[in-house]
Amino acid sequence: MRILILSRKFEIYSTRRLVEEFSHAGHSVFLWDPGWPTEKLRGCFDVLIPRLGSFHFEEALESVEMLSSRCGVVVNTLEAYRKARNKWSSYIAFLEGKIPTPFSQLVSNGDAVLWSRAFPCIVKELESAKGEGVFLARSTDELLQIASRISPSSEYLVQEAFPESFGEDVRIFVVGGKIIASMKRKSTKDFRSNLAQGGIGEFCTITEAEAALALNAASVLGLQIAGVDILRTHKGSLILEANPCPGLEGIEKYTSVNVAHAIIKFIEEHHHGHAP
């Protein structure tokens, strides 16, 4: 198969691992920066794999849209990316899918912040990733201070917090409707457990209920590949979000599971021979 991977950083672990596994399986792999002009890319491809971060996200989505007609299938699709990357869209999808998730409220900056629930609370920029743009507010004053640092034209999410779970969550890697690996992420220095924010990981087992939650979360967002984050709280296990571009380094390091190979096998089994 001819595989096209969209990535701004060809040298990062996740991109390198996908290239290694696809090449080892005998496929032709092409790398393209979503910031490059799509008209300069020649040919058609069986599979397009967007690896999109938050940097110039809308520009990257335009590249996905332009290239989709020249690729048999897209993993993950443009629509799934849009829904999963936006925290409010994800929250609404989880509610509609009856998936337990922390109570959240959408706030337009400049409007009065009406948070009637208990403090502390979590403030999130809508399209943040890797723990960036996520803040802890312990009072109304702190909430207002955080809001003042966010762009006046922006909307953001205010979310119920669970202090008993600060610095810890569970990342579950889903590929093609199957659980591939799971790890616990922990931080002793920050309420955020993201590895990109200094957290560490360890292998962990998950319950059948948590596995079902993760699979349902990926499904309602239309994600074939997802890193689903679960918070273990006094209310039970709750879905935080489902990342449409989950990193491979941490999950492979802490679980010893060849996640990149699982992605390749899924694509081979379900998408072979789909070139336009």
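Numbering of residues begins at 1 and proceeds along the displayed sequence.
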Determine the interplanar angle of the Tyr91 and Trp88 rings, folded into 0 to 90°, and report it as parallel if under 30°, tilted if 30 to 60°, perpendicular if over 60°. tilted

Taking Phe266's backbone N and O only, do any of them form a donor-acceptor pair with His270's side chain (distance below 3.5 Å, no angle check)? yes

When you look at CD of Glu65, are more than 12 heavy atoms from neighbouring residues, nucleotides or ligands closer to it than 6.0 Å? no

Side-chain donor or acceptor of Glu160 paired with backbone N/O of Phe103 under 3.5 Å: yes

In terms of ring plane angle, is the pair His234 and Phe162 parallel, tilted or perpendicular, where the classes change at 30° and 60°? tilted

Residues two or more places apart in sequence or in another chain: which of them pass salt bridge (Lys or Arg N to Asp or Glu O under 4.0 Å) with Lys186? Glu202

Determine the minimum heavy-atom distance between Ser14 and Leu248, stating which atoms define it. OG-N, 2.9 Å

Can you classify the ring geometry of Phe57 versus Tyr81 as parallel (below 30°), tilted (30 to 60°) or perpendicular (above 60°)? tilted

To the closest 0.5 Å, what do you measure between CG (Leu78) and CG (Leu61)? 5.5 Å

Any side-chain to backbone donor/acceptor pair from Arg51 onto Thr15? Under 3.5 Å, distance only. no

So does Pro102 get a backbone contact from the side chain of Ser104, meaning a donor-acceptor N/O pair under 3.5 Å? yes

Students often mix this up, so state it plainly: with edges at 30° and 60°, are the rings of Phe45 and Phe30 parallel, tilted or perpendicular? perpendicular

How far does SG of Cys204 sit from NZ of Lys184, to the nearest 0.5 angstrom? 6.0 Å

My understanding is that only residues two or more places apart in sequence, or in another chain, count here; which of them pass side chain to side chain contact (heavy atoms under 4.5 Å, CB included) with Ala211? Ile179, Ile206

Pair Glu268-Lys265, salt bridge (charged side-chain N to carboxylate O under 4.0 Å, His left out): steps then yes or no: CA-CA 5 Å; Glu268 287 179 334; Lys265 294 302 294 182; 3.6 Å; yes

Taking every non-hydrogen atom, the tightest pair across Ala226 and Pro246: C-CG, 3.8 Å

Honestly, is Arg149 close enough over Phe135, meaning NZ or CZ under 6.0 Å from the six-membered ring centre and within 45° of the axis? yes

Is it true that a side-chain atom of Ser89 and a backbone atom of Ala84 form a donor plus acceptor pair closer than 3.5 Å? no

Taking only residues two or more places apart in sequence or in another chain, which ones pass side chain to side chain contact (heavy atoms under 4.5 Å, CB included) with Ser237? Glu210, Leu213, Ile230, Arg232

I'd like to know if Ile172 and Met183 are part of one continuous hydrophobic network [Ile/Leu/Val/Met/Phe/Trp/Tyr, side-chain heavy atoms within less than 4.5 Å]. no

Exceeds 12 heavy-atom contacts within 6.0 angstrom, atom CD of Glu11: yes

With a distance cut-off below 6.0 Å to the six-membered ring centre and an angular limit of 45° from the axis, does Arg16 pair with Phe10 as a cation-pi contact? no

Quick one, Ile122 and Leu136 - any side-chain contact, counting heavy atoms below 4.5 Å? yes

Run the side-chain contact (heavy atoms from CB on, under 4.5 Å) check on Leu41 and Leu4 step by step: do they pass? CA-CA 10 Å; Leu41 180 63; Leu4 177 62; 3.6 Å; yes

Single-linkage hydrophobic cluster Ile12~Leu52, side-chain heavy atoms < 4.5 angstrom: no

